[in-house]
2 protein chains.
Amino acid sequence: MAPKRTTVRDLRRQNRSTLLSTLFFDGPLSRYELSRRSGLSAATVSNVTGELVDDGLVVEAGSVDSDGGRPRVLLRVNPAFGHVVGVDVGETGIKVELFDLSLTQLAAFDHALSPSSPAAVASLIASAVRDVVTSAGVDASTVLGVGIGVPGTVEQGATAVVHAPTIGWDGVRLEELVADASESAWPLYVENGAKTQGQAEMWFGAGRGARHVVIALIGSGVGAAVVTDGGVYRGATSSAGEWGHTTIMYGGRPCRCGALGCLEAYVGAEGILDRYRKARGRELPEGDEQSSVAALIEAAARSKTAARVLEETAGYLGAGIANLVNLFNPERIVLGGWAGLALGAHQLDRIVAATRAHALRHPYEQISIQLGRLGPDAVAVGAATLPVAALLDRAADPRKPTSPDLSVELGVPERSTRVF
Amino acid sequence: MAPKRTTVRDLRRQNRSTLLSTLFFDGPLSRYELSRRSGLSAATVSNVTGELVDDGLVVEAGSVDSDGGRPRVLLRVNPAFGHVVGVDVGETGIKVELFDLSLTQLAAFDHALSPSSPAAVASLIASAVRDVVTSAGVDASTVLGVGIGVPGTVEQGATAVVHAPTIGWDGVRLEELVADASESAWPLYVENGAKTQGQAEMWFGAGRGARHVVIALIGSGVGAAVVTDGGVYRGATSSAGEWGHTTIMYGGRPCRCGALGCLEAYVGAEGILDRYRKARGRELPEGDEQSSVAALIEAAARSKTAARVLEETAGYLGAGIANLVNLFNPERIVLGGWAGLALGAHQLDRIVAATRAHALRHPYEQISIQLGRLGPDAVAVGAATLPVAALLDRAADPRKPTSPDLSVELGVPERSTRVF
DNA sequence: AGACTAATTTTAAGTCGCAAACTAAGGTCC
DNA sequence: GGACCTTAGTTTGCGACTTAAAATTAGTCT
């Protein structure tokens, strides 16, 4: 409630952050160009970049002719300033990947995960992170933080609390568990996997350049990451964006969440296959969800039943997307997730048509609907962006608190929420 | 795209704004208390408030004993610093109200409005504003701005463009039309009526103190104002929050927007009455929508049909609210609009139960569902808050551009978007 | 009246960004 | 090859800002 005070020190912090972020996203730039883009005077740019270079965050990267004058010296974020780790906790396994600051992958580990206690998962995460760091020959002290994407909602507070019904977690203090299981005191960032995947699409995929985007993710379940004004929208307790459990057919099919008529019950892989099974009147061939959905799409070329199920799916999905369009008025919709990409590849026209039929004309005219561009590693990459976002936001090593006294006074360790 | 530069001047502006806003919302406060709340040093508070007093924005307001020391001098926003006008453009008439800076109503005019051209409406607005100002004996030069709430979406840009299908407006540049029809050059703020009403509930009604709120408005149509992080959410082109036209029953009742199964077709007054008509099998007695809905609610005590229609309505409405809960994860839902208040008064328990049935447990547990507290003037009051918000945001007379050169350079006149 | 307390104001110091002057590093022209 | 131009980046001097500490002000208590 207390409005945040603004001191003269925040100026510099903010300008550091602005310049560092610009360098990060828009590649090597000269000081001159930085001045032009940020509106800051050349003098200030010179000062601030000087500091950033002294701190090792930024390095010079060659120079470029300048139409008959002193050549411009290019600056860029130092990829070797530090490393970040992204963890994707899935329902059947965990992925751990190590990146440098430019999010170039240096090493990756996969671990199968049989259902086990949160503490066991936490200690697996801790040891896998340590392994991936040592296996890449990276000095542990250069790791700036570890981002963890989990399949459930994450309450951000003094410590992150995870609710993930699909893996039986309810109120798991994952951040504490992992910290206890680790020897190193790397900052941990726990976030919903759909949100980390969305962030990855924003930074490196189909969301680049836009400020209002909804990334719709369809796999076995259905979720969404809502980006408003360039930042992932979290709501009051970080569980915003539960698109899969919005009602699209009042009184309709039962959903695994217990309610009736959720979107997920119609367009989630499980829902699609179940509808196909019913329409077909007999069991599907054996196989996991991904291959069954692929088989369904392939069958649509010959089978009227399969084609009709897919058409209906496109209709439901379009209506669901239209709801997002009407409520959030984004400039772009990104359709992702393995099932979303599969459906999109064969039914995008139909999906778009159904969206148009259900959305209001004005917000509909603003959007473009695109397929996601990132592969199955997007959750881990997105998780790894979390410590990077903290770095860009503070323009300083995220491991050192800006002002220890203040954070004690506030009671809650400050954590970045803006990401872009 | 260009990140905003921050200069040392912005510091003072921001601190002025912080202190002025604190005084506005939290009533008379001493400098000492301001220092405590803002975190600013006593010296800065003294400096800044001194300026604000010199500028006439703030006045002293008595003093309070201080347990045996120098008494605290209370400060408050000067209600007489200026006046603001709120206009509610409805489908059947316009309301124009004049307020002082503390949003105390000084005068009000109502005009019936038969369907007429946008230009005619604009000139009626212009003359009604002039009339209400002169009739209250207020000096025209003290009017800080005019807020206009309209029944449609408003694209905010260089000039506001209104799309309001219910009154036949499509792409009306209302701001320009009103400016042309006025002699005075008061700043105009055009905004969707649901959003202004939501803002009124946030400042003075059931939304006070919360930062993530959805104000659901049910009248003849259905809309919502979504407040995220204390500010009204607008989306990419300001048409966010079109809750009424989200699909809740795929393939269901036709809606006046042309789509099938919109929430509005089920819980908007028109939709309710139409469903009642069909359930009853014969025409309803003559009467306008408001009295017909009142009659329906009254009939529910005796008539099973009427009771069932209301129950069903509560069910649909609860599912619609649950969608808002799942997507936005607010801390509070405010149910408003004349039909919303009428339904809420008699069916709140049922609505809450239906919401619980359709929402995910975690976000559901965060919310409280309340009835709106403001009456039919809320749209006009909310419209009048727009120039006040601009004043608080800039902590300076909103009629004078902060820096004319800069706004020319930017191409677009800066307009406040944060409101709280 | 004098001591004491607590709210403001004044003062001195340090930070910040900016405009203008200045330096660096290259090219062009003769 | 040297005078001169062009463009990039740095240094300098200045005004604006916040802060901590000291001073002042305005009451209460004995």
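Below, all heavy atoms of this structure are taken into account, side chains as well, without hydrogens, waters or symmetry copies. Just so we're on the same page: letters track the sequence lines, and every chain starts at 1.
- Atom P of nucleotide C:dT8 and atom CZ of B:Arg36 are separated by 13 Å, given to the nearest angstrom.
- The side chain of B:Asn15 places an N or O atom within less than 4.0 Å of a non-bridging phosphate oxygen (OP1 or OP2) of D:dT18.
- If you measure from atom CG of B:Leu52 to atom C1' of C:dT8, you get 16 Å, rounded to the nearest angstrom.
- Put simply, CG on A:Asp10 is 15 Å from C1' on C:dG17, counting in whole angstrom units.
- Applying the 4.0 Å criterion to OP1 and OP2 of D:dT19, one finds that B:Thr44 has a side-chain N or O inside that range.
- The base of D:dA8 is paired with the side chain of A:Arg70 by a donor and an acceptor separated by under 3.5 Å.
- The two residues B:Val45 and B:Leu40 come nearest to each other via the heavy atoms CG2-CB, 4.0 Å.
- When rounded to the nearest whole Å, the span between CZ of B:Arg16 and C1' of D:dA16 equals 14 Å.
- Neither OP1 nor OP2 of D:dG9 sits under 4.0 Å from any side-chain N or O of A:Arg72.
- One finds a side-chain N or O of B:Ser41 lying less than 4.0 angstrom from the OP1 or OP2 phosphate oxygen of D:dT19.
- Under the 30°/60° scheme for interplanar angles, the aromatic rings of A:Tyr233 and B:His212 are found to be tilted.
- The residue A:Ser35 sits apart from the nucleic acid: no heavy atom pair falls under 4.0 Å.
- The minimum heavy-atom distance between B:Ser102 and B:Pro79, with the atom names listed, is OG-CB, 3.9 Å.
- With DNA chain C read from its 5' end, the first of the two nearest nucleotides for A:Ala42 and A:Arg9 is the one closest to A:Arg9.
- Residue-level contact check: A:Val73 touches the backbone only, with heavy atoms under 4.0 Å from sugar-phosphate atoms and none from bases.
- In this model, the phosphate group of D:dT18 is approached by a side-chain N or O of B:Arg12 to a distance below 4.0 Å at OP1 or OP2.
- Rounded to whole Å, atom P of C:dG14 lies 19 Å from atom CG of A:Leu11.
- Counting to the nearest Å, the P atom of C:dT11 and the CG atom of B:Asn47 are 12 Å from each other.
- For the residue pair B:Ser238 and A:Asn329, no side-chain donor N or O sits within less than 3.5 Å of a side-chain acceptor on the partner.
- If you measure from atom CG of B:Leu19 to atom C1' of D:dT18, you get 13 Å, rounded to the nearest angstrom.
- In this structure, A:Tyr32 places its OH atom where only 12 or fewer heavy-atom neighbours from other residues, nucleotides or ligands lie under 6.0 Å away.
- What separates CZ of A:Arg31 from C1' of C:dA24 is a distance of 12 Å, to the nearest Å.
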